[in-house]
Amino acid sequence: MRWSVAEVLEATGGSLLAGDPAAGFDSVGTDSRWLGPGGLFVALRAARDGHDFLAGAAAAGAGGYLVEAGHPAA
């Protein structure tokens with residue numbers, strides 16, 4: 001299933017900070033080591049803070065990032 005940026009924003013109540021709202025993602029992941037190129041990286045706070053792995057997601061070719069409100073990346 002392909003998710004558009006607009007659909008992700010609607011589902012999360014988020015805000016688009018940069019990019020094309022018509023763009024989309026074929027994959028979604030929370031582990032930057034397994035994220036496919038163009039995928040949406042979701043930075044979760046758990047035992048480890050996913051926000052610490054934004055650079056790794058970028059290196060993996062992430063097409064977008066879903067981050068917590070108030071985070072410096074936001």
Side-chain angles (χ1 to χ4, degrees):
M1 175 177 186
R2 184 166 176 81
W3 284 72
S4 71
V5 171
E7 290 170 320
V8 172
L9 295 174
E10 183 178 339
T12 62
S15 300
L16 180 63
L17 301 177
D20 180 2
F25 310 101
D26 290 322
S27 64
V28 177
T30 60
D31 188 328
S32 61
R33 298 169 297 180
W34 301 106
L35 187 68
L40 175 64
F41 178 69
V42 181
L44 297 178
R45 284 190 189 263
R48 299 179 78 179
D49 185 350
H51 296 86
D52 294 339
F53 300 96
L54 293 174
Y65 312 94
L66 184 61
V67 297
E68 185 176 90
H71 189 273

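The structure displayed is predicted, hence computed values, not measured ones.
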**Item:** Where Ser4 and Pro21 come nearest, the two heavy atoms and their spacing
**Value:** CB-O, 4.5 Å
**Request:** Please round to the nearest 0.5 Å and tell me the distance separating atom OG1 of Thr30 and atom CG of Leu66.
**Result:** 11.5 Å
**Item:** Heavy-atom closest pair, residues Glu7 and Arg2
**Value:** OE1-O, 3.7 Å
**Item:** Within 6.0 Å of CZ in Arg33, more than 12 heavy atoms from elsewhere
**Value:** no
**Item:** Distance (rounded to the nearest 0.5 Å) between Ser32 OG and Tyr65 OH
**Value:** 10.0 Å
**Complete:** Note: Ser15 and Leu9 closest approach over all heavy atoms is C-CD2, 3.6 Å
**Fill in**
Looking only at heavy atoms, the pair that brings Leu35 and Gly29 closest together is CD1-N, 3.8 Å
**Complete:** Closest non-hydrogen atoms of Ala43 and Leu54, given as atom of the first, atom of the second and distance, are CB-CD2, 4.4 Å
**Fill in**
Note: Gly64 and Phe25 closest approach over all heavy atoms is N-CE2, 3.6 Å
**Asked** Are Val67 and Phe41 side-chain neighbours, meaning at least one heavy-atom pair lies under 4.5 Å?
**Response** no
**Message:** For the CG atom of Asp26 and the CG atom of Leu40, what is their distance to the nearest 0.5 Å?
**Reply:** 11.5 Å
